Amino acid sequence: MKVEKVLVIGGSGFLGSNVVDEFIKKKIKITVLDKKKLHLKNSYVNFIQSDISDEKEIQNQIKKNKLIYYFADIADINEGKKNPLNTIDNNIINLTKILKACGKSKINNFIYGSSLYVYSISGSFYRASKQIAEILIKEFANNYKFKYQFYRYGSLYGQRSQQWNGINKFIDQILKKNSIVYSGTGQEIREYVNVSDASKMTVNNSLKNINKSGTYIVSG
């Protein structure tokens, strides 16, 4: 399979870095753009340290690539709830500028890390930003004639997870307090999936359907 040039925006984060691992396993050369340093150095990875608000750098990198993977959203629900303006600025405004650059550069496919929260009434501004983002991506794809793929993830856990990650918090409570405290009714249902499995599914499926649009649920 011939893989076109790949750019992973947000490739140093929890999900993004695991997706990068999968490309390395496949020996596919990629470019990673993130404000945070990548967890490794590898000959298959060209790392660009930059914020997604840097329009000039974003446009420069998008021009060089055809497959764009996007994992740069604010993903902490509590952070999104406390600071909706920052969530909107990052998850919607910056995304819109990136999509415009994708359209002008005539990319082939935009692969977006979404969430099962798009089906929910929970999730506050994080959920709202994911719903709006999907609508925007579809519209830009329609107007600029590129493909898109949405990967709606369940609750991820695993290596390099954030401090606020659910399973990570439970483990921390067990180690420090020998108990788990969970705020809720006890009737909540979560569909957990290991981030390594989710990343493998994402890369395999996106490359298999490289010239197609689609929406995929990745859950446990």
Side-chain angles (χ1 to χ4, degrees), residues 8-19 34-36 51-53 68-100 102 109-142 147-158 160-170 180-195 197-199 201-202 205-206 213-220:
V8 182
I9 300 173
S12 296
F14 175 36
L15 176 57
S17 66
N18 281 276
V19 166
D34 203 306
K35 64 181 179 181
K36 184 174 69 174
D51 193 273
I52 59 170
S53 61
I68 312 298
Y69 289 74
Y70 189 85
F71 305 105
D73 282 344
I74 290 174
D76 184 351
I77 292 173
N78 289 326
E79 181 183 349
K81 192 173 183 178
K82 290 177 182 176
N83 198 337
L85 289 179
N86 189 47
T87 302
I88 291 166
D89 188 48
N90 187 89
N91 293 9
I92 298 173
I93 303 301
N94 284 333
L95 173 64
T96 302
K97 294 175 182 177
I98 288 168
L99 289 169
K100 188 174 181 181
C102 288
N109 209 315
F110 189 88
I111 294 94
Y112 179 70
S114 190
S115 169
L116 286 181
Y117 271 103
V118 297
Y119 300 112
S120 177
I121 59 172
S122 304
S124 189
F125 294 102
Y126 165 75
R127 178 257 306 157
S129 72
K130 289 294 189 182
Q131 292 171 328
I132 294 167
E134 289 195 7
I135 293 169
L136 287 171
I137 293 166
K138 282 184 179 180
E139 197 61 32
F140 271 94
N142 182 57
K147 305 298 183 182
Y148 65 87
Q149 293 180 25
F150 300 148
Y151 288 84
R152 294 173 178 165
Y153 299 101
S155 296
L156 298 173
Y157 71 95
R160 298 190 290 274
S161 61
Q162 309 93 331
Q163 279 190 319
W164 48 261
N165 177 271
I167 294 293
N168 207 9
K169 284 196 298 185
F170 294 153
I180 293 176
V181 177
Y182 178 79
S183 299
T185 66
Q187 300 301 311
E188 292 82 6
I189 295 175
R190 285 294 189 95
E191 298 179 5
Y192 287 101
V193 57
N194 190 283
V195 69
D197 294 329
S199 300
M201 293 177 208
T202 300
N205 193 72
S206 61
S213 292
T215 301
Y216 306 95
I217 293 173
V218 183
S219 191

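Computed from a predicted model, the values in this text were never measured in an experiment.
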How far apart are the closest heavy atoms of [X] and [Y], and which atoms are they?
X	Y	value
L116	S219	CD1-OG, 3.9 Å
Y112	A133	OH-CB, 3.2 Å
I111	S206	CG1-CB, 4.2 Å
S120	Q131	O-NE2, 4.2 Å
R160	S17	NE-OG, 2.9 Å
N18	S199	CB-OG, 3.1 Å

_Holding to side-chain contact (heavy atoms from CB on, under 4.5 Å), I want the full list of residues that pass it with E188, two or more places apart in sequence or in another chain._
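Scan of E188 (side-chain contact (heavy atoms from CB on, under 4.5 Å), adjacent residues dropped) gives Y182, T185.
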Does some side-chain heavy atom of [Y] sit less than 4.5 Å from a side-chain heavy atom of [X]?
X	Y	answer
I9	D34	no
Q149	F110	no
F71	V19	yes

Flag for [Y]-[X]: side-chain donor and acceptor within less than 3.5 Å:
X	Y	value
N91	S129	yes
E134	S114	yes
R152	Y117	no

If I take atom [atom1] from residue [X] and atom [atom2] from residue [Y], how far apart are they, to the nearest 0.5 angstrom?
X	Y	atom1	atom2	value
I135	I92	CD1	CD1	9.5 Å
F125	N86	CZ	CG	12.5 Å
I132	I88	CD1	CD1	7.0 Å
D197	Y157	CG	OH	7.0 Å
I68	N109	CD1	CG	9.5 Å
I77	T87	CD1	OG1	11.0 Å

*asked:* K97: which residues meet the salt bridge (charged side-chain N to carboxylate O under 4.0 Å, His left out) condition with it, sequence neighbours left out?
replied: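 So K97 forms a salt bridge (charged side-chain N to carboxylate O under 4.0 Å, His left out) with E55.
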*By salt bridge (charged side-chain N to carboxylate O under 4.0 Å, His left out) - contacts of D73 (at least two apart)*: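 So D73 forms a salt bridge (charged side-chain N to carboxylate O under 4.0 Å, His left out) with K130.
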*Please test Y153 against T202 for side-chain contact (heavy atoms from CB on, under 4.5 Å), starting from the C-alpha separation and ending with a verdict.*
CA-CA 10 Å; Y153 299 101; T202 300; 2.7 Å; yes
*Please say which of I74, D51, L95 ends up in a side-chain contact (heavy atoms from CB on, under 4.5 Å) with N90.*
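Output: one option passes, namely I74.
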_Aromatic contact, F150 with Y148 (centres under 6.0 Å)_ =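 Yes: the rings meet the under 6.0 Å criterion.
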*Flag the pair Y151 / Y216 as yes when their ring centroid distance falls below 6.0 Å, and as no otherwise.*
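Aromatic pair counts; centres sit under 6.0 Å.
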*Determine, step by step, whether I98 and Y70 satisfy the side-chain contact (heavy atoms from CB on, under 4.5 Å) criterion, reporting the C-alpha distance in whole Å, the side-chain angles of both residues, the deciding distance to 0.1 Å, and the verdict.*
CA-CA 10 Å; I98 288 168; Y70 189 85; 3.5 Å; yes
